[in-house]
Amino acid sequence: MSQSLLYAFIIFALVMFFTPGPNNIMLLSSGLTYGFRRTIPHIAGITIGFAFMVGAVGLGLGTVFLAYPILQSILKYAGAAYLIYLAAVIAFSGPAKPGEASRGPMTFWGAAMFQWINAKGWVIVIGTITAYAAIAQFPLNIAIQTLISLLVGTVSTVVWAFFGTALRPVLTSERLVRAFNILMAILLLASLYPVFMDA
């Protein structure tokens, strides 16, 4: 096993998972709007869904996308459309009120499926599989990459959701929560820039 490559991959994973992107922005907003406990299914969906994606692409699903590039374009634009929808939902979200029916945070399955249309997620997966595949012999390398993605992803998503939850005592008025959510929606839309930049 190449230890230097393993360390390089861990640094890559830390940078990619902890920097702002669609998942982290949505978790920040969900932590503020719904609290940490109600955001747990969203956290689990991201971490497990993304780790599964790394494993699936690493074990051969990626060859399907190479053979049929149109599938990548379909996923890219479907993901962009869904992010625009999510940005609108976040922008119009106010604080959750006790006993009031609300849309609620993203579900486990919704978050897991979102990984397949998340542009930043694809950047991470492609970088993971192509640049760091020599960590070990196949398929041990894929297992290592999947496990590290699961561990780093778990820590990252928990931190972002906790950060959003920690803002709840600070952003106490409905107006402040709405302003914060509008800012998060704008950042979410800004994360689409790379999708259209290389179109």
Side-chain angles (χ1 to χ4, degrees), residues 12-50 53 75-125 149 152-199:
F12 167 81
L14 286 168
V15 170
M16 294 306 285
F17 279 98
F18 276 90
T19 52
N23 283 325
N24 293 338
I25 291 168
M26 287 189 292
L27 285 170
L28 186 66
S29 178
S30 183
L32 171 67
T33 306
Y34 305 109
F36 184 80
R37 188 181 62 80
R38 291 186 65 192
T39 304
I40 289 174
H42 189 170
I43 292 169
I46 290 172
T47 55
I48 295 170
F50 186 80
M53 185 176 164
L75 283 175
K76 180 166 77 170
Y77 289 105
Y82 189 57
L83 275 178
I84 291 168
Y85 163 74
L86 288 174
V89 169
I90 289 171
F92 291 106
S93 293
K97 295 173 183 173
E100 180 182 76
S102 64
R103 179 181 172 275
M106 189 175 274
T107 65
F108 172 87
W109 289 109
M113 295 305 294
F114 173 71
Q115 303 318 301
W116 292 91
I117 56 172
N118 178 1
K120 184 184 178 185
W122 277 105
V123 169
I124 299 172
V125 168
S149 297
V152 176
T154 299
V155 175
S156 166
T157 52
V158 166
V159 166
W160 278 89
F162 262 133
F163 182 48
T165 305
L167 290 174
R168 296 186 96 189
V170 179
L171 303 178
T172 52
S173 74
E174 184 171 340
R175 201 165 96 181
L176 284 173
V177 171
R178 285 190 183 279
F180 179 84
N181 282 338
I182 288 169
L183 175 62
M184 293 301 101
I186 291 168
L187 290 175
L188 197 56
L189 290 174
S191 74
L192 287 173
Y193 177 71
V195 175
F196 294 105
M197 185 178 65
D198 62 352

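Each of I43, L27, I40, T47 was scored for a side chain to side chain contact (heavy atoms under 4.5 Å, CB included) with V158, with one residue passing: I43.
The side chain to side chain contact (heavy atoms under 4.5 Å, CB included) check on L14 picks up I10, F18, V152, with sequence neighbours excluded. Not a single ring-ring contact (aromatic ring centres under 6.0 Å, His included) links F163 to another residue, sequence neighbours left out. Scored by the side chain to side chain donor-acceptor pair (under 3.5 Å) test, S156 finds no partners at all (sequence neighbours excluded). When the side chain to side chain contact (heavy atoms under 4.5 Å, CB included) test is applied to A112, no partner is found at least two apart in sequence or on another chain. The side chain to side chain donor-acceptor pair (under 3.5 Å) check on N23 picks up Q115, with sequence neighbours excluded. In terms of the ring-ring contact (aromatic ring centres under 6.0 Å, His included) criterion, F180 has no residue partners (sequence neighbours excluded). For S30, the side chain to side chain donor-acceptor pair (under 3.5 Å) partners at least two apart in sequence or on another chain are T39.
Here the side chain of S29 pairs no donor or acceptor atom with the backbone of I25 at under 3.5 angstrom.
Here the CZ-CG distance, from F50 to N118, works out to 8.0 Å after rounding to the nearest 0.5 Å. Of the inter-residue distances, the one linking T157 atom OG1 with H42 atom NE2 reads 9.0 Å to the nearest 0.5 angstrom. To the nearest 0.5 angstrom, T33 atom OG1 is 9.5 Å from R178 atom CZ. Taken to the nearest 0.5 Å, the OG1 atom of T19 stands 7.0 Å off from the CD1 atom of I124.
Taking the six-membered ring where the residue is Trp, F162 and F36 present parallel rings, their angle staying beneath 30° rather than reaching 60°.
Here the side chains of W122 and M53 are in contact, with some heavy-atom distance below 4.5 Å. For the pair V155 and F17, the minimum side-chain heavy-atom distance is 4.5 Å or more.
Considering every non-hydrogen atom in both M106 and G110, the closest pair reads SD-C, 3.8 Å.
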